Visitor: 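Here you go, one structure.
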Protein chains: 2
Amino acid sequence: MSVTLKHVAKRAGLSWQTVSKVLNDKGHLFRPETRQRVIDAAREMGYVPNAAARTMRSKKTLQIGLLLRNEEGHRYHNLAAFILLLGINTRLEQNGYLLSVVRMGDLACTGDAKSRVFEERVLDGLIVFGGFSPDVFDWVHSVIPNCIWADTNKWDEYCCLHRDEQQVGRLIAKHILDLGYRRAVWTGGRVDKHSHYSQADRYFGLKDELARHGIELESISSLKRDDNRLIYPELAQHFQPDRVLVAYNTLGAQAILTTGTSMGKSVGWDYGLMCCDETPEVFESWPGLSRVSNDRFEMGYQAAEMMLQLLDNPAQRPVSRKMGNEWIIGNTAWGPHTAR
Amino acid sequence: MSVTLKHVAKRAGLSWQTVSKVLNDKGHLFRPETRQRVIDAAREMGYVPNAAARTMRSKKTLQIGLLLRNEEGHRYHNLAAFILLLGINTRLEQNGYLLSVVRMGDLACTGDAKSRVFEERVLDGLIVFGGFSPDVFDWVHSVIPNCIWADTNKWDEYCCLHRDEQQVGRLIAKHILDLGYRRAVWTGGRVDKHSHYSQADRYFGLKDELARHGIELESISSLKRDDNRLIYPELAQHFQPDRVLVAYNTLGAQAILTTGTSMGKSVGWDYGLMCCDETPEVFESWPGLSRVSNDRFEMGYQAAEMMLQLLDNPAQRPVSRKMGNEWIIGNTAWGPHTAR
DNA sequence: CTGAAAGCGCTTACAG
DNA sequence: CTGAAAGCGCTTACAG
């Protein structure tokens, strides 16, 4: 059906093994006319190497998986993961690797993982992204040995990639202090043992840094409605010019903005707002949000980089990395003296 | 290194070919005890079939590609494509197929396509999404014969999947008429031969349907700034209670809203607004937008369905499909009589 | 019911 | 400089 080395060889009048060597360019050790004959024949016949055959010999599939959480009723939950994917893809492509998306519920180890990647040897490695329970980590790792853990709750010396979330908290604290606020309100919810690491790290990074300067971080709780809208029952009393509200992510920031607007409060003037995170959409929809950067494309790129390193030398696993962040100046917090 | 049939066979005390047959469950034609011995041995040793070897025999890679446009400076342009990807993935997974993301600039045929999928036989088929030039279509098709064209400008009898964009225009027209508007303004830009098919179809579907009822569709032009913000120079004069503005997509709707807000105009009251498209984000950020539905997850699911059909029987290619749309009631257009 | 052989398309030692 | 052989891990006719 498709053109193989043998077909090309027949046309070129050479043995198929010779054709293989010419095409793989083993040291230019052929007569130029022979080379040309082979190359022409291959092109004319539209020869394309069979990846499976090559894989069998080389033991490398040149395929990496990206494991994403597949939450029921949250089809779109992982939108940000796409940027990560593009970053990974961009890096892997350079080395001839392909990227396949694998989705899994959090209970995969109990048997609901259906993807073929767990049943056959198809992947050289797997990049795991986001929140899964420890059991899942162990199970996945036992099936696919070469893993990079990107933004998961796992943190070892090797193979893990995190955003430096404590630094995020400290950055927020620094700007709260620089602007002269004496009251700050955390709106990112209560930290418990099931939390994603970012929640604890942002919270304590912020709290501790503020405490060092004699400011106690206040907190308000939040509710999540069935339709995924965030509600902050105690928010109203904190719309004050002397206060800065700290949102866990842009969704939270948006919810605060909406609530404030409906009460006639103007962000930046009637209250301050800072956000610990950003998403690609915020560049278009709310570039003025005062926030800490979060380049998920870069995270993907680095995760891919670590994966390539790991595959290159599995014995010497890549050292874990923490990605730094920057403060992005916005117009949603100007300090406590700007009441109009 | 990894466990093969031979290792399992040795443990089970059988030939490796027999082990293969048992594991592939060829008609239960083995003694139960033999079967059990094999199955136990395989599990104990953690046997996993080698996909490459299987591929070599079956001539099927069980891999599908998703081709996305890779625009310089538009890293995040294709965010909506992720939902499509999830839809495709969900369907393919059921049949054991893997999905790989492939990105390409629009000039690939001139040589900037770097992905390995164009240089080796790795994919059983390719789903092409979005806007490329006809040259690219031809080139891609010549390299990878089994293609499904999802939301591209290509429209044949077979293998194409479109949203019914003319119906979108007609749906908008219908609701404009139902609400009693006599003036409607298209803000979706001028149609030319490089336009995506959706632009022409939405525009003419709307225009023709309105014309049938004696209403002439007005138009205003738009500019795109360097930072991707949309500007409508002639917009101001159209913020009138007797008028409905029709946006090409949610980005356009957002831009109109922002402009209106800055002029103290209240959407739904001071002017009407309808949108031809929706994105996942709009469910969270602007559920009240009066618009036509666009389920990209479903489009992905159907594209995958067509691909599986094509692979199942390449001789009988799947007939092209047009996906219908629904009107989503919002609060941004109430008819021309609601001026306050 | 089980085993031995052929072959999928390639690469890489080893001969000539 | 070119060719013939072995082998990657599997499946599937064909023997026994």
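The model shown is predicted, which means the values in this text are computed figures rather than measured ones. Below, chains carry the letters A, B, ... as their sequence lines are ordered, and counting in each starts from 1.
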Visitor: Could you go through A:Cys159 and A:Lys154, starting from their C-alpha distance and side-chain angles, then the distance that decides it, and tell me whether this counts as side chain to side chain contact (heavy atoms under 4.5 Å, CB included)?
Guide: CA-CA 10 Å; A:Cys159 297; A:Lys154 196 181 176 102; over 6 Å; no
Visitor: Please report the distance, rounded to the nearest Å, between NE2 in A:His7 and C1' in C:dG9.
Guide: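 My rounded result for the distance is 11 Å.
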Visitor: Quick one about B:Glu305 and B:Gln309 (side-chain donor to acceptor, distance below 3.5 Å, no hydrogens or angles considered), yes or no?
Guide: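 Judged by distance alone, the side chains do not pair up.
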Visitor: Hey, would you say the B:Trp155 and B:Tyr197 ring centroids sit under 6.0 Å apart?
Guide: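 B:Trp155 vs B:Tyr197: aromatic centres not under 6.0 Å.
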Visitor: Given side chains that start at C-beta, do those of A:Trp139 and A:Met104 come closer than 4.5 Å, heavy atoms only?
Guide: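 A:Trp139 reaches A:Met104 side chain to side chain.
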Visitor: It should be established whether B:Lys21 places a side-chain nitrogen or oxygen under 4.0 Å from OP1 or OP2 of nucleotide C:dC1.
Guide: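 B:Lys21 to C:dC1 OP1/OP2: no side-chain N or O under 4.0 Å.
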Visitor: I need the NZ-P distance between B:Lys59 and D:dT12, as an integer number of Å.
Guide: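 So the NZ-P distance, B:Lys59 to D:dT12, works out to 13 Å.
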Visitor: Any chance you could measure B:Asn153, atom CG, to B:Phe132, atom CZ, to the nearest 0.5 Å?
Guide: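 It comes to 11.5 Å.
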Visitor: Which stems does DNA chain C form, counting runs of 3 or more consecutive Watson-Crick or G-U wobble pairs with both distances under 3.5 Å?
Guide: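 Runs of three or more consecutive pairs: C:1-3 with D:14-16, C:5-12 with D:5-12, C:14-16 with D:1-3.
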Visitor: If the condition is salt bridge (charged side-chain N to carboxylate O under 4.0 Å, His left out), which residues does A:Arg321 pass it with, not counting sequence neighbours?
Guide: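 Testing A:Arg321 for salt bridge (charged side-chain N to carboxylate O under 4.0 Å, His left out), a comparison that skips the adjacent residues, returns none.
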Visitor: Rounded to whole Å, please give me the gap between CG in B:Leu5 and C1' in D:dG7.
Guide: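 Distance, rounded to whole Å: 15 Å.
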Visitor: Are any of the side-chain heavy atoms of B:Thr90 and A:Arg103 separated by less than 4.5 Å?
Guide: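 A side-chain contact under 4.5 Å exists here.
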Visitor: Which of residues 8-18 of chain B have a heavy atom under 4.0 Å from DNA chain C?
Guide: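 Correct list: B:Leu14, B:Ser15, B:Trp16, B:Gln17, B:Thr18.
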Visitor: Any side-chain heavy-atom pair from B:Val128 and B:Leu67 closer than 4.5 angstrom?
Guide: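 Yes, close enough: below the 4.5 Å cut-off.
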Visitor: For D:dT11, does OP1 or OP2 lie under 4.0 Å from any side-chain N or O of B:Arg54?
Guide: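 Checking D:dT11 against B:Arg54, a side-chain N or O does come within under 4.0 Å of OP1 or OP2.
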Visitor: Starting from P on D:dC8, measure out to CE on B:Met56 and report it in whole angstrom.
Guide: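 About 13 Å, once rounded to whole Å.
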Visitor: Take the protein atom CD of A:Gln36 and the nucleotide atom C1' of D:dT2, then report the distance between them rounded to whole Å.
Guide: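 That distance rounds to 18 Å.
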Visitor: Taking atom P of D:dG9 as reference, at what distance in whole Å does atom NZ of A:Lys60 sit?
Guide: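 One finds 15 Å between P of D:dG9 and NZ of A:Lys60, rounded.
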Visitor: What does A:Arg57 touch in the nucleic acid at a heavy-atom separation under 4.0 angstrom: a base, only the sugar-phosphate, or nothing?
Guide: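 Base contact.
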Visitor: Looking only at side-chain N and O atoms, does B:Ser20 come under 4.0 Å of OP1 or OP2 in D:dT11?
Guide: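 For B:Ser20, the contact criterion (side-chain N or O under 4.0 Å from OP1 or OP2 of D:dT11) is met.
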Visitor: Give a yes or no answer on whether the side chain of B:Asp124 reaches the backbone of B:Leu62 with a donor-acceptor pair at less than 3.5 Å.
Guide: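 The answer is yes, because a donor-acceptor pair under 3.5 Å joins these two groups.
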Visitor: When the distance from NZ of A:Lys6 to P of D:dA4 is rounded to whole Å, what number comes out?
Guide: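 For the pair A:Lys6 NZ and D:dA4 P, the rounded distance is 12 Å.
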Visitor: Tell me: OH of A:Tyr47 to C1' of C:dG9, nearest whole Å?
Guide: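 Going from OH in A:Tyr47 over to C1' in C:dG9 covers 7 Å.
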